[in-house]
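Note sheet for the following structure.
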Amino acid sequence: MTQTVGAEAVIARCRAENRAALVAYLPVGFPDLKTSVRAMEILVEAGADIIEVGVPYSDPLMDGPVIQRAVALALERGSRVADVFTATEAVRAAGAPPLVMLYWNLVLRAGVDRFADRLVASGGGGLITPDLIPDEAAEWIAASDRTGLDRVFLVAPSSTTERLQRVTRACRGFVYAASTMGVTGARSSVGSAARDLVERTRAVTDLPVCVGLGVSTGEQAAEVGSFADGVIVGSALVAALTDREPEEGLAALRTLTEELAQGVRTGR
Amino acid sequence: MTDGRFGAFGGRYVPEALIPALEQLDEARSKAMLDPGFLGELDRLHRTYTGRPSIVTEVPRFAEHCGGARVVLKREDLNHTGSHKINNVLAQALLTQRMGKSRVIAETGAGQHGVATATAAALLGLDCRVYMGRVDTERQALNVARMRMLGAEVVPVSTGSATLKDAINEALRDWVTNVGTTHYLLGTVTGPHPFPEMVRDFHRIIGVEARGQILDLAGRLPDAVIACVGGGSNAMGIFHRFIDDEGVRLVGVEAGGEGIASGRHAARFASSSPGVLHGTFSYLMQDDDGQTIESHSISAGLDYPSVGPEHSYLRDSGRAEYRYATDEQAMRAFELLCRTEGIIPAIESAHALAGAMEVGSELGPESLLLVNLSGRGDKDVHTAARWFGLLDDAAADGGGDA
């Protein structure tokens, strides 16, 4: 396997180009495994810098209706957790670091060390864990230290300075700043809370800070990219694949990703 | 690892966004439990609103079907709103006020917790929204009407299995969005710390009262304390005061649904292994990938794929034992209590009665059993009438409670 490039290095390269990184999320298995993997390759081709590979879960309590529907459909169609490794291999081969976003029980069930080893073997760069706080993550911190995988924890507008310190100290790769209080999904405006949170987070860490929740257009990507190190887009990309024939969905996905990639290149 | 562990179980598996609210809640409830003002107000509500202490009733005619054991029921069914749920709800509603919040949200399965929450919200002037799985809104239509009558908004949840677990997902999504103004009034001894410990403490009064009452009545401690276990709040409430009484067996009864072999049940301890759901690490019905498996029970209140973490601890440490009653066994116990004692139990509580029939047969006529009758069966009249074929065809097809 070729030397893998980590998320932090990719964000540093973007910073050298005076722009934010585009971090694009899609779940494995939606609308089917093959199309989802192809869709992630298209994200890379169309200008996404880092791919957040989602794993469908039966109880996605941080997700809004668009992602809920997509992952429920993927599960109905037989999506399995191990499919994620097919996706990470493909994304790595396409030239971007894949970070896996998943709910913690899926890792626990597989075994934390075993999951980490399989992730490394399939080119995965690390994990984003929306329902795992560092306080509960001793096993994962040990496994990621052993394997060198990135571990991305979340901070939120409600986080106190003490929490920001605690969470960012545990992160590697970047810090995921949830722009608003709430679940995933497109919002008409991302709001000033995101800017405040990025500033407060930067005050306690040197790690890059990427902003997620609510970004759906090139314009919003430009706005968020003006102050954050990375712009995370999820639901809008999933929506592009929803209720469309695969080829039509993939074309819509490419167009939207190009718009978002343009957005992060014009923000500053 | 955080506080709030029961051995390996419990913890806080939630989005970071909720941590400040959980810390605020933990601090507020810790202070409140030492504050004579809070405890005095709660005690006043227990006495003058709920109707505490709830009585105990010895049921000799029912006991004839329990191997001749003496059977005493703790009558939480006689509480205002019809179940034990009000104990926890009033306390959390008072805490909501003390935290300066104006809105409560709740999940409900059978509707008992939703009704109790709507009641407390009306009493204390709080806005209230209750999430309820669509399947449950249909089988518990009477309770939906009761909540709406009390001024609560009831939101049917159609995602997933459209039952209790999905209502909790939706309540958690609401909470993470509105956490500044809203308290999530969780109805059972599960969820992230401090909920399992706090809800247990607010129900502990059940066992405290019952222990004194049975000593007065029988002059000795019971041989077994028996309660049904969904999330497990009524069971923790009656068990806790007896944990140090080593001679007292603590028996939890889960919902066996259509039998373990059918796969359609909610007998977590009979079939599952630990995992994380809804913020806590506990026994969980899950597949090889860690996806939650849907539970099944005739009783909406026991129809939940996980169980409070303290029960997992009591089970693994051997202090409590868990068995299950199938739909069939629970409904037989339901009918027996109606016919022999003139008490219509909630179908949830009928599982505890079915457990008592087994435990009494095992322990024999010298034994003394304390059973938590956690709720009354008014809400279940339609389900029971259909089960026993007591309705004419048109009414049986109607679906709603007459």
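All values reported here derive from a predicted model rather than from experimental measurement. Quick note: numbers below take in every heavy atom, side chains included, and nothing from hydrogens, waters or symmetry partners. In what follows, every chain begins at residue 1, and chains take the letters A, B, ... in the order their sequences are listed.
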Are the side chains of A:Val183 and B:Arg173 in contact, using a 4.5 Å heavy-atom criterion?
yes
Examine whether an atom of [X] lies under 4.5 Å from a heavy atom of chain A, and if so say whether it belongs to the side chain, the backbone or both; otherwise answer neither.
| X | answer |
| --- | --- |
| B:Glu23 | side chain |
| B:Thr292 | both |
| B:Pro15 | both |

Which of B:Val179, B:Thr177, B:Leu18 passes side chain to side chain contact (heavy atoms under 4.5 Å, CB included) with A:Met181? Answer is B:Val179
Which heavy atom in A:Tyr57 sits nearest to a heavy atom in B:Leu277, and how many Å separate them?
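Looking at all heavy atoms of both residues, the shortest contact is OH-CD1, 3.8 Å.
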Please name the pair of heavy atoms, one in B:Ser273 and one in A:Arg109, separated by the smallest distance, quoted to 0.1 Å.
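Residues B:Ser273 and A:Arg109, closest heavy atoms: OG-NH1, 2.8 Å.
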Checking B:Val14 against A:Asp131 for the side chain to side chain contact (heavy atoms under 4.5 Å, CB included) test, could you report, in this order, the C-alpha distance in whole Å, the side-chain angles of both residues, the deciding distance, and whether it holds?
CA-CA 4 Å; B:Val14 290; A:Asp131 64 344; 6.0 Å; no
Only one of B:Asp289, B:Asp287, B:Asp288 forms a side chain to side chain donor-acceptor pair (under 3.5 Å) with A:Arg80, so which one is it?
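When B:Asp289, B:Asp287, B:Asp288 are each tested with A:Arg80, the side chain to side chain donor-acceptor pair (under 3.5 Å) holds only for B:Asp289.
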Using heavy-atom distances under 4.5 Å, tell me whether [X] contacts chain B through its side chain, its backbone, both, or neither.
| X | value |
| --- | --- |
| A:Val55 | neither |
| A:Val81 | both |
| A:Leu108 | side chain |

Residues in residues 99-110 of chain B that sit under 4.5 Å from chain A, counting heavy atoms only:
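Within residues 99-110 of chain B, no residue comes under 4.5 Å of chain A, counting heavy atoms only.
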Between [atom1] of [X] and [atom2] of [Y], what distance do you get to the nearest 0.5 Å?
| X | Y | atom1 | atom2 | result |
| --- | --- | --- | --- | --- |
| A:Ser58 | B:Lys165 | OG | NZ | 5.0 Å |
| A:Ser158 | B:Gln24 | OG | CD | 11.0 Å |
| A:Asp135 | B:Arg12 | CG | CZ | 8.0 Å |

Does the distance from a Lys or Arg side-chain N to an Asp or Glu carboxylate O, for A:Arg163 and B:Glu16, drop under 4.0 Å?
yes
With chain A, which of B:Asp166, B:Ile19, B:Leu284 has the greatest number of heavy-atom pairs at distances under 4.5 Å?
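Counting heavy-atom pairs under 4.5 Å, the top option is B:Ile19.
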Which pairs pass ring-ring contact (aromatic ring centres under 6.0 Å, His included) with one or both residues in residues 106-133 of chain A, sequence neighbours excluded?
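Found A:Phe85-A:Phe115.
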Residues in residues 59-69 of chain A near chain B [non-hydrogen atoms, under 4.5 Å]:
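Within residues 59-69 of chain A, the residues that come under 4.5 Å of chain B (heavy atoms only) are A:Asp59, A:Pro60, A:Leu61, A:Met62, A:Asp63, A:Gln68.
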Count the heavy atoms of every other residue, nucleotide or ligand shown that sit under 6.0 Å from CD of A:Glu162, and state whether that count exceeds 12.
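No.
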OH/B:Tyr313: more than 12 non-hydrogen atoms of other groups inside 6.0 Å
no
According to salt bridge (Lys or Arg N to Asp or Glu O under 4.0 Å), who are the partners of A:Asp113, at least two apart in sequence or on a separate chain?
A:Arg146
Distance-only, no hydrogens or angles: does the A:Glu136 side chain make a donor-acceptor pair with backbone N or O of B:Tyr13 under 3.5 Å?
no
Sub-3.5 Å donor-acceptor pair from the side chain of A:Asn105 to the main-chain atoms of B:Gly290, do we have one?
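Here the side-chain-to-backbone pair exists.
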